[in-house]
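Read the structure below first, then the notes.
This structure is a prediction, so every number in the text was calculated from the model and none was measured. Quick note on labels: first sequence line is chain A, next is B, and so on, each numbered from 1.
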Amino acid sequence: MAETMHIEPVKLTRDDFTSPIDARWCPGCGDYSILAQMKKVLPELGVPKENIVFIAGIGCSSRFPYYVDTYGYHTIHGRAPAIASGVKIANPDLKVFVMTGDGDALSIGGNHFIHLCRRNIDITIVLFNNEIYGLTKGQYSPTSKQGQITKSSPYGSIERPFNPVEMALAAGATFVARTIDREPKHLEHILKRAAMHKGTSFVEVYQNCVIFNDGVYNSLTDKKVKDDNLIYMENDKSLLFGKEKEKALHWNGTRFEVVQVSDHSVDTLTKHKEDGGNPAAEFALSSLSMEAHLPTPIGVFRNAHIPTYEQMLQKQIDDVTEQKGEGTLETLLNSGKTFEIK
Amino acid sequence: MAETMHIEPVKLTRDDFTSPIDARWCPGCGDYSILAQMKKVLPELGVPKENIVFIAGIGCSSRFPYYVDTYGYHTIHGRAPAIASGVKIANPDLKVFVMTGDGDALSIGGNHFIHLCRRNIDITIVLFNNEIYGLTKGQYSPTSKQGQITKSSPYGSIERPFNPVEMALAAGATFVARTIDREPKHLEHILKRAAMHKGTSFVEVYQNCVIFNDGVYNSLTDKKVKDDNLIYMENDKSLLFGKEKEKALHWNGTRFEVVQVSDHSVDTLTKHKEDGGNPAAEFALSSLSMEAHLPTPIGVFRNAHIPTYEQMLQKQIDDVTEQKGEGTLETLLNSGKTFEIK
Amino acid sequence: MSDKQVKTLESITIRFAGDSGDGMQLTGGQFTDTTAIAGNDLNTFPDYPAEIRAPVGTTFGVSGFQIQLSSKPVHTPGDAPDVLVAMNPAALKVNLPILRDNGIIIVNTDSFQQRNLDLAKYESNPLEDDSLKLYQVFRVPITTLTREALKDSPLRPKEKDRSKNFFALGMTYWMYTRSMEPTLEWINTKFKNKPELIKANTLALKAGYNFALSTEIFTTSYRIERASIKPGKYRNITGNEATALGFIAAAKKAGKELYLGSYPITPASDILHELSKYRNYGVKTFQAEDEIAGIASAIGASYAGDMAITTTSGPGLALKSEALGLAVITELPLVVVNVQRGGPSTGLPTKTEQADLMQAMYGRNGEAPVPIIAANSPSDCFNAAFEAMEVAFKFNTPVLLLTDGYIANGAEPWLIPKVDELPEIKVEYATDPDNYQPYKRDEETLSRTMAIPGMAGFEHHVGGLEKDITGNVSYVPEIHHEMVNLRAEKIKRVNNYTQEPELFGEPEGELLVISWGSTYGSVFKAMEEAKNRGLSVSWYHLRWINPLPKNLGTIIKHFKKVLVPEINLGQLVKLIRAEYLVDAQGFNRVLGLPLNSGELLEAIESHLKGL
Amino acid sequence: MSDKQVKTLESITIRFAGDSGDGMQLTGGQFTDTTAIAGNDLNTFPDYPAEIRAPVGTTFGVSGFQIQLSSKPVHTPGDAPDVLVAMNPAALKVNLPILRDNGIIIVNTDSFQQRNLDLAKYESNPLEDDSLKLYQVFRVPITTLTREALKDSPLRPKEKDRSKNFFALGMTYWMYTRSMEPTLEWINTKFKNKPELIKANTLALKAGYNFALSTEIFTTSYRIERASIKPGKYRNITGNEATALGFIAAAKKAGKELYLGSYPITPASDILHELSKYRNYGVKTFQAEDEIAGIASAIGASYAGDMAITTTSGPGLALKSEALGLAVITELPLVVVNVQRGGPSTGLPTKTEQADLMQAMYGRNGEAPVPIIAANSPSDCFNAAFEAMEVAFKFNTPVLLLTDGYIANGAEPWLIPKVDELPEIKVEYATDPDNYQPYKRDEETLSRTMAIPGMAGFEHHVGGLEKDITGNVSYVPEIHHEMVNLRAEKIKRVNNYTQEPELFGEPEGELLVISWGSTYGSVFKAMEEAKNRGLSVSWYHLRWINPLPKNLGTIIKHFKKVLVPEINLGQLVKLIRAEYLVDAQGFNRVLGLPLNSGELLEAIESHLKGL
Ligand SMILES: Cc1ncc(C[n+]2csc(CCOP(=O)(O)OP(=O)(O)O)c2C)c(N)n1
Ligand SMILES: Cc1ncc(C[n+]2csc(CCOP(=O)(O)OP(=O)(O)O)c2C)c(N)n1
Ligand code: SF4
Ligand code: SF4
Ligand SMILES: [Mg+2]
Ligand SMILES: [Mg+2]
């Protein structure tokens with residue numbers, strides 16, 4: 001920490017974050033959109049550029065750090081959450097991002113992912129979910145749909161997918177959200193809120209892989225049908241959808257059901273609450289995306305505020321120091337039961 | 001599989017499962033109770049003894065396989081779910097148990113644990129949760145309470161605990177239950193139901209470690225107070241508790257609240273449903289144990305029935321075989337584009 | 001046609017190069033199949049870009065495919081290509097340095113526009129300055145000609161352009177007097193539901209052929225006589241395919257089901273892909289959540305009686321280390337395949353290297369020896385996989401099989417073995433339940449006595465703690481000492497049962513070359529040339545690296561010097577020095593590429609001079 | 001007292017043994033502290049049961065603590081104890097085989113009842129048959145006497161019985177003329193909130209002392225003169241404590257915060273426990289979810305500018321292999337501590353071994369060299385940790401520090417260093433943002449140029465793929481070759497900056513013994529005796545194993561034979577053979593125990609004879 005220089009924040013622009021290295025994703029890859037929105041968000045955070053660190057594992061998505069002109073560490077497959085934890089604990093002044101894929105975060109890195117959420121270290125995790133292993137050329141991932149035909153499942157995958165939002169909620173992340181590469185405004189908005197959140201924030205981005213899983217989110221991005229399939233959750237607002245916002249998700253006391261707005265007076269419709277106080281609603285909402293006949297919500301599932309790991313660690317350091325005095329090398333060496341030999 | 005001998009099941013007794021090796025847990029350890037109940041359950045399963053396999057990782061709890069006279073494999077720390085998956089897929093005739101601890105299953109083994117639940121391989125996981133690392137002499141575990149003082153947290157742990165039931169639910173286990181070492185009847189009953197379930201079944205056993213975390217479940221086991229803190233969930237029954245069963249958990253449309261039975265007519269009280277159809281209720285119930293002022297439910301949180309991994313694999317093998325014919329060495333070698341050199 | 005010359009060559013090396021999207025791997029594959037059918041011996045080297053999907057036209061995105069074909073046996077894809085087919089400036093830029101002097105270049109002139117030149121970072125157009133003056137350059141507007149040939153096709157222009165690799169292929173077919181038949185057939189099957197594509201690709205192929213035949217540009221075509229390779233039924237096979245087939249064959253010969261637990265990783269993933277196709281052969285593939293679960297599940301499957309394998313590459317092997325130790329101490333049959341790639345860490349995932357040998361030997365805690373076998377060539381992967389399994393079951397031990405990116409992706413014709421030439425694999429289980437002791441050993445092999453779940457009366461416990469003969473935990477110091485020594489001795493005995501490699505060359509002389517694995521082809525070529533030059537050098541190519549063959553010590557004694565070429569900083573050479581106390585020297589190149597036989601030959605000569 | 005004899009001895013080895021619940025480790029610890037204050041040199045060996053908590057009274061549950069004290073410098077806890085204090089039959093059974101002939105046994109006769117004899121699997125009572133006739137047996141009804149002493153205490157009988165170890169301790173204090181003061185003091189602090197326990201333990205201690213003083217049973221007490229060890233301030237310290245302190249000291253000397261990322265594992269956990277106490281020293285301990293996260297988080301902390309370490313034992317090191325490769329290729333300062341234990345796999349978790357050396361050298365994919373340092377003794381862990389950190393920061397490299405269960409748990413007096421005798425650790429960062437290149441190297445050390453997040457103007461990228469000097473990914477073959485060689489060369493240069501060990505004995509002769517790590521004490525003892533016997537043997541004990549010291553090759557040339565004693569099947573010996581082509585032979589015992597110096601001496605003699 002001693003090495004961190006504190007400089008008056010200057011107003012930065014997206015160009016300040018443009019890396020000299022050209023992004024090398026396939027033309028049309030959803031990753032470009034995430035990069036573009038992130039570069040818009042970064043100058044808005046009020047964090048000096050040298051205090052921003054991107055940590056990634058391995059995967060197409062994990063190439064991300066090279067493409068922003070900040071500190072960046074392209075590490076090994078699945079371990080970014082653990083590496084990022086060390087970075088943040090070592091220097092809590094840094095704004096730390098973990099950029100990861102569905103394979104990187106949920107397959108090999110599943111354990112580090114859930115433990116980071118549990119510890120509530122102030123890190124923003126952005127998961128590029130393309131439901132495929134892109135970099136290794138198209139095997140099914142832990143979010144691929146059952147039956148999906150891929151290089152490693154020529155007769156269809158027999159595995160059930162994880163729901164990343166549900167895992168993050170269960171593991172204890174304090175900010176949990178979902179967005180889509182093809183909704184740039186929404187994406188930007190969510191990335192910004194996640195980045196500003198204090199504690200572990202998690203954003204699942206539905207991302208299209210044009211090469212190995214093209215169109216997997218068509219029902220949510222295709223203009224013709226998306227209105228009937230996508231719900232934008234907003235705090236304190238009803239969960240409307242449909243071309244004319246004529247439909248709504250309504251809580252029937254046990255679960256969400258689709259109702260016609262016309263059948264209800266608007267203020268009796270269930271309002272979305274982000275405050276993290278109600279596990280029942282959080283999980284009920286998150287489970288919708290797994291049901292083919294129900295709309296998929298994007299937006300914020302949970303936004304809770306509790307002390308972060310590194311705040312508690314600092315408090316413990318302060319408390320112990322106050323109680324025992326600051327340790328010096330002299331006291332260190334001479335602690336314990338000493339005796340003189342003459 | 002070819003090697004499995006099929007023998008007419010003989011009626012076995014608990015003595016048939018008593019290992020010649022003496023259990024070496026500390027006197028008073030909760031593990032003894034789990035062993036005792038398991039030995040009662042095994043003869044009831046109708047599975048020949050040679051078809052029963054216990055797989056364990058490392059920990060006091062993971063010594064379990066040595067103490068039952070079946071096939072047993074004491075493997076390495078955290079990997080039992082993955083090893084057991086291989087065992088079951090290799091020979092679906094076997095009844096496979098994973099015996100594990102809170103450290104083994106949720107710390108180093110967290111990833112394998114959630115992936116096993118996701119895949120729904122027909123394996124029974126019994127997690128001995130003593131909220132401590134017993135074998136390595138008392139460090140906090142991922143289920144230890146915040147503030148707990150242990151060998152590695154002399155000033156109190158700053159980490160938030162996982163809720164194992166919630167993790168198993170989110171990861172997709174199809175049978176999820178909780179019980180306590182000090183409730184032998186309940187323990188036996190739940191172990192038996194879990195063992196009979198087809199698919200990944202998960203049982204969290206609250207287990208007392210007399211040496212490093214003694215009394216951690218006192219509020220649930222101490223005769224004086226337990227009635228006010230413990231709820232036995234039973235399918236289709238109200239969630240009553242209290243000395244005189246005078247209190248109940250009641251669903252108020254959003255969450256569970258504690259009500260006086262006298263204030264309600266009994267059939268309006270919320271009834272517990274195990275059927276796995278309602279994530280809202282499952283997670284609402286599972287989250288209760290994390291709240292100090294609410295009672296802790298034991299019993300079955302979810303009991304859902306869907307095809308298992310190995311059933312689907314077998315079906316795929318059968319389908320492809322039907323379609324392409326059974327592969328022989330002759331066809332294997334001569335497949336692809338061959339040509340003759342003369 | 002009649003006014004064109006036909007020259008006969010002994011062998012030729014061609015490299016197809018273009019953008020990742022240009023279909024060069026497919027083109028190379030077709031040329032390979034056709035060549036095989038023509039009866040030449042051949043060897044290939046696909047050299048595609050790293051994991052990165054580069055923007056079109058940059059040097060990062062260049063994909064290459066090299067093939068050597070010959071009327072003599074060949075063992076490498078050739079050091080320096082004789083012919084380069086360059087579909088764009090980037091492909092030219094990247095590959096020019098390795099082309100042989102005065103080599104042939106066929107370029108698609110259409111792609112040499114400013115934009116592409118810029119992308120390839122060319123300051124001026126190499127077709128216009130004199131930078132290619134040392135080569136024979138054939139300038140062909142391939143894109144234009146393809147479009148022209150397809151002018152009647154209803155396909156969109158972009159789709160038409162995709163056929164240009166067939167045009168290029170057609171030209172090379174004429175130049176090297178190949179028949180178009182096999183490729184035409186392939187096109188018909190491949191696109192059977194897309195008649196427009198059949199038509200387009202057929203037209204493009206033929207147009208290319210005819211262009212070469214009729215145009216003035218090409219004056220000569222070449223014949224390469226059939227190779228006098230062993231008669232029989234062949235197929236082209238890559239190393240990864242051969243590995244997969246080797247294991248299925250072993251499972252059939254053992255009467256076992258094959259179980260693969262694996263996590264995808266370049267360049268090993270294709271073994272997983274290949275094996276997942278064989279459901280009707282009873283093959284079970286389990287795509288695990290990570291490499292640890294991959295090996296762990298394979299250990300479980302082995303414990304339960306399947307024939308179990310796990311496949312990976314370097315970083316994955318590192319992750320498997322701890323679990324591999326469990327397989328060692330519980331003495332279960334298992335084969336771990338490590339398709340080596342450039343390291344350390346993520347390193348160079350798509351490039352080849354031999355730098356995991358020491359990890360294979362020693363990358364585990366405690367004394368945890370395992371036998372190590374290495375494959376020599378793509379088709380040899382079949383034999384190596386089969387043999388690894390034989391040893392795994394004979395000794396009840398995990399075995400490490402080393403291949404690498406070069407032979408895993410490379411292809412060569414494979415003489416298909418006869419079913420009954422393959423040996424049976426005997427799997428033995430305990431028979432006497434009354435006196436069953438899981439760690440009782442066979443006197444000869446020291447292999448332990450297995451019983452698997454489902455066998456009534458043999459219920460027992462095993463585990464990762466030290467144990468006595470009953471399988472139960474023992475902390476007795478002497479038992480630990482004994483077990484550690486028994487496990488070591490068991491692996492030493494593997495070489496009582498494996499075949500020793502043949503020495504190439506005289507049994508004594510000045511210099512002995514010792515090599516292993518995929519350098520086989522390069523060393524072979526260098527040694528042939530050395531023989532031609534009359535050099536006093538012999539060659540010993542290891543198959544089993546642990547344990548080393550029994551006679552190696554004796555062989556070494558008959559030479560003054562020992563040279564060990566490896567694609568690492570010197571790993572086998574360390575084992576040999578430690579074992580035989582001979583001043584063996586390494587010849588080491590770590591370029592992510594197969595060893596260059598020319599360079600090796602020079603090294604041999606200079607070592608001989610140093611005598 | 002006056003009618004009892006006082007004999008003076010040079011040194012004595014005592015072993016306290018009892019059930020896990022009998023408090024033997026505490027008893028041993030008190031004896032140790034008191035002995036240190038008495039000015040003797042000493043060395044201890046706690047030998048507690050494996051992880052298993054055995055049922056009371058069985059041999060599995062026996063816990064032992066051995067201490068050698070002397071008026072001369074001692075380096076081992078002694079091969080065979082002179083005195084055994086056995087609190088129950090199981091303790092007698094387990095320890096009798098190692099007691100020296102005619103040794104003293106003090107038994108608690110109260111515990112020799114049928115039940116305990118059965119539990120210990122004694123067929124007849126050894127106190128009653130003649131199985132102890134070769135020893136001097138002192139029969140003391142310790143339990144009865146303790147109860148008697150505490151008859152007025154309000155404690156419950158079970159609680160009273162817990163004081164019986166203090167009774168036993170009291171007896172030994174009289175026998176070896178120790179003062180009771182330090183222990184009385186300790187009792188007062190330890191139980192300050194439990195006055196009844198202070199009283200009980202004080203009474204028991206004094207009762208034991210007085211019993212020995214007044215009873216007829218003990219006729220002789222012994223004096224051990226103060227050792228003439230270097231004057232100064234001392235404290236007893238275990239290896240794990242010393243390791244922890246060494247790192248905190250290094251952090252202070254570098255002006256850095258210390259970060260530990262670790263997952264508990266026997267016998268390394270105590271370093272985590274120890275460091276977690278030092279919050280007021282700015283020490284951050286992160287108990288990770290597994291070993292991979294432990295090292296990964298430490299890599300992150302190092303990357304962000306903390307002084308970072310990760311601690312583990314064998315299986316944990318295996319799991320860290322992949323991430324360690326990342327630290328190698330990104331060239332970050334980091335120390336990985338491996339407290340070795342018996343392997344392979346879970347092996348013998350509470351026993352000692354030196355079998356992870358090869359894993360430390362080679363347990364990573366690709367060419368991924370790291371410097372390796374080993375500690376010699378409990379207190380030496382402080383220096384080794386400090387030195388490891390100096391090298392990590394000088395070269396920007398991960399460093400492996402090897403200790404083992406024996407020295408990690410063993411204790412010895414440690415001469416506390418003066419604060420200003422410890423060197424500063426210079427940490428250098430880039431200074432010129434305009435020309436910053438993260439892989440630009442110092443010409444002398446080849447260390448790369450670091451900049452850490454928070455430094456404005458130095459934003460850059462690093463990662464696990466091969467890279468060029470800018471840190472950006474490069475697939476150029478020559479760059480890979482160059483980087484692989486640079487990383488190797490950098491590690492080779494470490495021995496330009498580290499101190500070479502001193503040769504013990506003559507610079508030339510018949511036999512050279514080369515050893516490393518915790519065998520230091522045993523070899524020292526054997527060598528002293530060899531010197532006494534006039535044998536022509538010298539000794540070189542390595543501190544850095546990779547790279548080997550520069551002068552070792554020259555030293556070896558001056559001896560006819562080389563012997564390498566190790567607690568493994570021969571690992572260092574392989575490195576030495578490969579490096580120097582000398583026919584070095586191993587002396588190997590893998591018993592889970594420290595090397596026996598008597599056996600080693602025999603081996604030395606027989607190797608000399610073999611000349
Ligand atoms: C230890 C290890 N195992 C396997 C790999 C191979 N690998 C690299 S990325 C990847 C999966 C990438 O999938 P995902 O995280 O979804 O990223 P995407 O490419 O889809 O963005 C795999 C299996 C590796 N690099 N390292
Ligand atoms: C790879 C590895 N890391 C660490 C350990 C040390 N270790 C053994 S058991 C254990 C934790 C046990 O805790 P838990 O699973 O809760 O079991 P319990 O003893 O409490 O029943 C640890 C850290 C090990 N054996 N192997
Ligand atoms: S393979 Fe898929 S995820 Fe990867 S860069 Fe291409 S389109 Fe994007
Ligand atoms: S340490 Fe705790 S968990 Fe382990 S055996 Fe003893 S009481 Fe049971
Ligand atoms: Mg993906
Ligand atoms: Mg536990």
Checklist outcome for this item: Rounding to 0.5 Å, atoms CG (B:Leu329) and CD1 (C:Ile248) come to a distance of 9.5 Å

Checklist entry - Within the side chain of C:Arg235, is there an N or O that forms a donor-acceptor pair under 3.5 Å with the backbone of B:Phe339? => result no

Checklist outcome for this item: Interface check, chain B: of C:Gly464, C:Pro231, C:Gly232, most non-hydrogen pairs under 4.5 Å belong to C:Gly232

Next on the checklist: Just so I understand: if I count every heavy-atom pair under 4.5 Å between each of C:Asp290, C:Leu415, C:Ile295 and chain B, which residue has the most?
Outcome noted: C:Asp290

Item to check | Inter-residue atom distance C:Glu185.CD - B:Lys337.NZ, 0.5 Å rounding | outcome: 5.0 Å

Checklist entry - Does B:Arg119 pair with C:Glu289 as a salt bridge, N-O distance under 4.0 Å? => result yes

Checklist outcome for this item: Smallest heavy-atom separation, B:Leu94 atom then C:Pro453 atom, equals CD1-CB, 3.7 Å

Checklist entry - Okay, side chain of C:Tyr281, backbone of B:Leu332: is any donor-acceptor separation there less than 3.5 Å? => result yes

Next on the checklist: Less than 4.5 Å to any heavy atom of chain B: does that hold for the side chain of C:Ile37, its backbone, both, or neither?
Outcome noted: both

Item to check | Top contributor to chain C contacts, counting heavy-atom pairs under 4.5 Å, from B:Ile21, B:Val68, B:Ile83, B:Val53 | outcome: B:Ile83

Next on the checklist: Need one label for B:Phe54: side chain, backbone, both or neither, based on atoms under 4.5 Å from any heavy atom in chain C.
Outcome noted: neither

Next on the checklist: Rounded at 0.5 Å granularity, tell me how far CD in C:Glu241 sits from OG in B:Ser335.
Outcome noted: 9.0 Å

Next on the checklist: Please classify the contact of C:Ala451 with chain B as side chain, backbone, both or neither, using a heavy-atom distance under 4.5 Å.
Outcome noted: both

Next on the checklist: Nearest 0.5 angstrom please: C:Ile452 CD1 to B:Tyr71 OH, how far?
Outcome noted: 7.5 Å

Item to check | CG on B:Leu333 to CG on C:Leu422, rounded to 0.5 Å | outcome: 6.5 Å

Checklist entry - Could you walk me through whether C:Leu465 and B:Arg63 pass the side chain to side chain contact (heavy atoms under 4.5 Å, CB included) check? => result CA-CA 11 Å; C:Leu465 288 162; B:Arg63 288 298 173 110; 3.4 Å; yes

Next on the checklist: Below 30° counts as parallel, above 60° as perpendicular, anything between as tilted: where do the rings of B:Tyr66 and C:His461 land?
Outcome noted: perpendicular

Next on the checklist: Looking at every non-hydrogen atom in both residues, tell me the closest pair between C:Tyr234 and B:Ile341 and how far apart they are.
Outcome noted: CD1-CG1, 3.3 Å

Next on the checklist: Could you check whether any side-chain N or O of C:Asn280 sits under 3.5 Å from a backbone N or O of B:Gly325, counting only pairs where one atom can act as donor and the other as acceptor?
Outcome noted: yes

Checklist outcome for this item: If one checks every heavy atom of B:Leu116 against chain C at 4.5 Å, the contacting part turns out to be neither

Item to check | Contact class of C:Tyr303 relative to chain B, heavy atoms under 4.5 angstrom | outcome: side chain

Item to check | Distance, nearest 0.5 Å, that separates CG of C:Asp306 from CD1 of B:Ile89 | outcome: 9.5 Å

Item to check | Structural part of C:Ala323 lying under 4.5 Å from a heavy atom of chain B | outcome: both

Item to check | Heavy-atom donor-acceptor pair, C:Lys284 side chain to B:Ala90 backbone, under 3.5 Å | outcome: yes

Item to check | Which atom of C:Thr285 lies closest to which atom of B:Tyr309, heavy atoms considered | outcome: O-OH, 4.0 Å

Checklist outcome for this item: Under 4.5 Å to a heavy atom of chain B? For C:Leu332 that would be side chain

Next on the checklist: So for B:Thr331, is it side chain, backbone, both, or neither that comes closer than 4.5 Å to the heavy atoms of chain C?
Outcome noted: both

Checklist entry - Which atoms form the tightest heavy-atom contact between C:Tyr259 and B:Gly86, and what is the distance? => result OH-CA, 3.8 Å

Next on the checklist: Atom CD of residue position B:Glu44 - does it have more than 12 heavy atoms of other residues, nucleotides or ligands inside 6.0 Å?
Outcome noted: yes

Checklist entry - Taking all atoms of both residues into account, what is the closest heavy-atom pair of C:Phe286 and B:Ile121, and its distance? => result CE1-CD1, 4.3 Å

Next on the checklist: Is a donor from one side chain sitting under 3.5 angstrom from an acceptor on the other, for C:Lys233 and B:Asn334?
Outcome noted: yes

Checklist outcome for this item: If one checks every heavy atom of C:Ala298 against chain B at 4.5 Å, the contacting part turns out to be neither

Checklist entry - Is the backbone N or O of B:Gly327 less than 3.5 Å from a side-chain atom of C:Tyr278, with the two atoms forming a donor-acceptor pair by type? => result no

Checklist entry - Tell me, side chain or backbone of C:Glu322 under 4.5 Å from chain B's heavy atoms, or both, or neither? => result both

Item to check | Other residues, nucleotides, ligands: >12 heavy atoms within 6.0 Å of B:Glu340 CD | outcome: yes

Item to check | Stepwise side chain to side chain contact (heavy atoms under 4.5 Å, CB included) check, C:Arg279 with B:Asp319 | outcome: CA-CA 9 Å; C:Arg279 289 283 188 264; B:Asp319 289 352; over 6 Å; no

